[in-house]
Novice: 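One structure, as structure tokens, below. Some questions next.
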Amino acid sequence: MLKRLLDGTDLAQLRDMVSPAFFDVLPARELWRQGRHLAARYRDERAYGEALSHRADSLRAAGLGVHIGVVEPHESEAIDDPTARGEALLRLYFHQVLTPGPALIDLRRQRFAKRGDGYVFDPSRITVNWAPDFRMAVRAMYEGFYRGNDRQFVAALESLGLGSAVQTFREQFGGGDQRAVRFEMKAFVGSFHEAFVACREAGDTLHPNFLGLGITLAFLYDHLESLGGGPFDVRSAYFAAAGEPVADAA
């Protein structure tokens with residue numbers, strides 16, 4: 001099913017990153033619906049243009065050092081400071097899950113480049129509209145984690161259908177104060193497989209929008225690993241995207 005939905009799009013490479021247990025915790029009907037949503041938006045030039053315009057305005061207002069533009073092939077490979085690039089990418093990731101509007105989720109290396117004193121983001125047509133309840137839960141999850149509100153963190157994971165994998169997500173987000181986190185695709189796939197197995201054994205089901213978020217995270221981890229995997233200051237990236245001063249870890 002997933003292969004049929006992804007073939008012919010820039011999402012085809014993701015097939016090898018998907019844990020088999022994922023299909024046990026996202027109902028087939030919802031998986032098909034979400035996959036069709038992604039595929040339809042991929043082919044919708046108008047939706048892509050609107051998403052680009054919205055995100056360009058949002059990034060400009062946020063002042064995160066990332067803007068929408070065109071990236072030439074040679075630019076994406078020129079890495080002068082892997083740490084600065086990785087942390088700019090993390091700011092972009094958090095900005096898109098914390099703020100309203102369609103998300104441009106193609107965070108691959110070839111879509112990002114250094115230019116002047118900032119970075120250019122040139123996403124492909126892979127876009128998604130998060131459901132309001134999903135965005136609210138993801139925002140609450142990150143807020144609870146980075147502000148040390150464990151009750152909020154756990155409640156948000158439960159609303160996403162991930163209540164049986166709380167410890168896995170604590171470890172995945174990084175220990176300590178999250179100012180020096182490393183990223184590795186193998187660890188990402190392993191952690192999510194572990195989380196999905198725990199949810200399957202508990203009889204939980206994921207929120208349907210998790211398909212889009214999982215794709216976003218896969219691209220994020222792949223890009224960060226290509227930069228050496230870090231370490232990156234994820235805490236500062238989160239609070240920059242939230243538009244607030246960095247709060248100390250609890």
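In this text, all values refer to a predicted model and were calculated from it rather than measured experimentally.
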Novice: Restricting to non-hydrogen atoms, name the atom on V97 and the atom on V138 that form the minimum distance, rounded to 0.1 Å.
Specialist: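 Scanning both residues completely, I find the closest heavy atoms to be CB-CG1, 4.2 Å.
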Novice: Within this structure, what is the OG1-CG distance for the pair T127 and D44, rounded to the nearest 0.5 Å?
Specialist: 8.0 Å
Novice: If you define the side chain from C-beta out and look only at heavy atoms, does anything of R55 sit under 4.5 Å from H95?
Specialist: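 Heavy-atom side-chain distance check passes, below 4.5 Å.
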Novice: Check whether the ring centres of F173 and Y142 lie less than 6.0 Å apart, and answer yes or no.
Specialist: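 Centroid separation for F173 and Y142: below 6.0 Å.
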Novice: Between A103 and W130, what is the shortest heavy-atom contact and its length?
Specialist: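 Heavy-atom minimum between the residues: CB-NE1, 3.6 Å.
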Novice: Step by step, work out the side chain to side chain contact (heavy atoms under 4.5 Å, CB included) result for L89 and F121.
Specialist: CA-CA 9 Å; L89 182 67; F121 178 40; over 6 Å; no
Novice: Begin from the C-alpha positions of E158 and L162 and carry the test side chain to side chain contact (heavy atoms under 4.5 Å, CB included) through to its verdict.
Specialist: CA-CA 5 Å; E158 289 174 345; L162 295 164; over 6 Å; no
Novice: So which heavy atom on Q172 is nearest to which on S191, and how close?
Specialist: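 Q172 and S191 have their closest heavy atoms at OE1-OG, 2.5 Å.
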Novice: Taking the six-membered ring for Trp, is the centroid-to-centroid distance between H223 and F112 below 6.0 Å?
Specialist: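 Distance test on ring centres: under 6.0 Å, yes.
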Novice: What's the spacing between F183 CZ and F232 CZ if we round to 0.5 Å?
Specialist: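 Atom-to-atom, F183:CZ and F232:CZ are 7.0 Å apart.
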Novice: Strictly below 4.0 Å, N to O, side chains only: are E87 and R91 in salt-bridge contact?
Specialist: no
Novice: Flag the pair H67 / V120 as yes when at least one side-chain heavy-atom distance between them is below 4.5 Å, and no otherwise.
Specialist: yes
Novice: Please round to the nearest 0.5 Å and tell me the distance separating atom CG of L38 and atom CZ of R43.
Specialist: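 Rounded to the nearest 0.5 Å, the CG-CZ separation comes to 10.5 Å.
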Novice: Carefully, step by step, assess S236 and R179 under the rule side chain to side chain donor-acceptor pair (under 3.5 Å).
Specialist: CA-CA 7 Å; S236 292; R179 290 183 179 273; 3.2 Å; yes
Novice: Looking only at side chains, do H207 and S159 share a donor and an acceptor under 3.5 Å apart?
Specialist: no
Novice: If you measure from CZ on F145 to CZ on F153, what distance do you get to the nearest 0.5 Å?
Specialist: 6.0 Å
Novice: Report yes if the distance between the aromatic ring centroids of F169 and F192 is under 6.0 Å, otherwise no.
Specialist: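 Aromatic pair counts; centres sit under 6.0 Å.
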Novice: Measure across T99 and S58 and return the closest heavy-atom pair with its distance rounded to 0.1 Å.
Specialist: OG1-OG, 4.2 Å
Novice: Is there a side-chain contact between R85 and T83 (heavy atoms, below 4.5 Å)?
Specialist: no
Novice: So which heavy atom on L107 is nearest to which on L220, and how close?
Specialist: CD1-CB, 4.1 Å
Novice: For the pair D57 and R60, find out whether any cationic side-chain nitrogen is under 4.0 Å from an anionic carboxylate oxygen.
Specialist: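 Salt bridge present between D57 and R60.
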Novice: Ignoring hydrogens and geometry, is there a side-chain-to-backbone donor-acceptor pair from R235 to Q178 under 3.5 Å?
Specialist: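 No, because the side chain of R235 does not come within donor-acceptor range (under 3.5 Å) of the backbone of Q178.
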Novice: What verdict does the side chain to side chain contact (heavy atoms under 4.5 Å, CB included) test give for L64 and Y119, after you've listed the backbone C-alpha separation in whole Å, the side-chain angles of each residue and the deciding distance to 0.1 Å?
Specialist: CA-CA 9 Å; L64 298 178; Y119 291 86; over 6 Å; no
Novice: Any carboxylate oxygen within less than 4.0 angstrom of a Lys/Arg side-chain nitrogen, looking at D106 and R108?
Specialist: yes
Novice: Decide, yes or no, whether a salt bridge links R170 with D150 under the criterion of side-chain N to carboxylate O below 4.0 Å.
Specialist: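 Yes, R170 and D150 are salt-bridged.
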Novice: Between R200 and S164, does a side chain to side chain donor-acceptor pair (under 3.5 Å) hold up when you go through it step by step?
Specialist: CA-CA 9 Å; R200 180 185 65 194; S164 301; over 6 Å; no
Novice: Under 4.0 Å between a side-chain nitrogen and a carboxylate oxygen: does that hold for R125 and E45?
Specialist: yes
Novice: Measure across L90 and A237 and return the closest heavy-atom pair with its distance rounded to 0.1 Å.
Specialist: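 Where L90 meets A237 most closely, the heavy atoms are CB-CB, 3.6 Å.
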Novice: Salt bridge between R115 and E75, side-chain N to carboxylate O under 4.0 Å?
Specialist: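 Salt bridge flag = yes for E75 with R115.
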Novice: Drop me the distance from L224's CG to F219's CZ, to the nearest 0.5 angstrom.
Specialist: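 That separation rounds to 13.5 Å.
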Novice: Using the side chain to side chain contact (heavy atoms under 4.5 Å, CB included) rule, take Y48 and R41 through it: C-alpha gap first, then chi angles, then the decisive distance, then the call.
Specialist: CA-CA 7 Å; Y48 175 58; R41 288 188 62 85; over 6 Å; no
Novice: Is any side-chain heavy atom of L59 closer than 4.5 Å to one of I68?
Specialist: yes
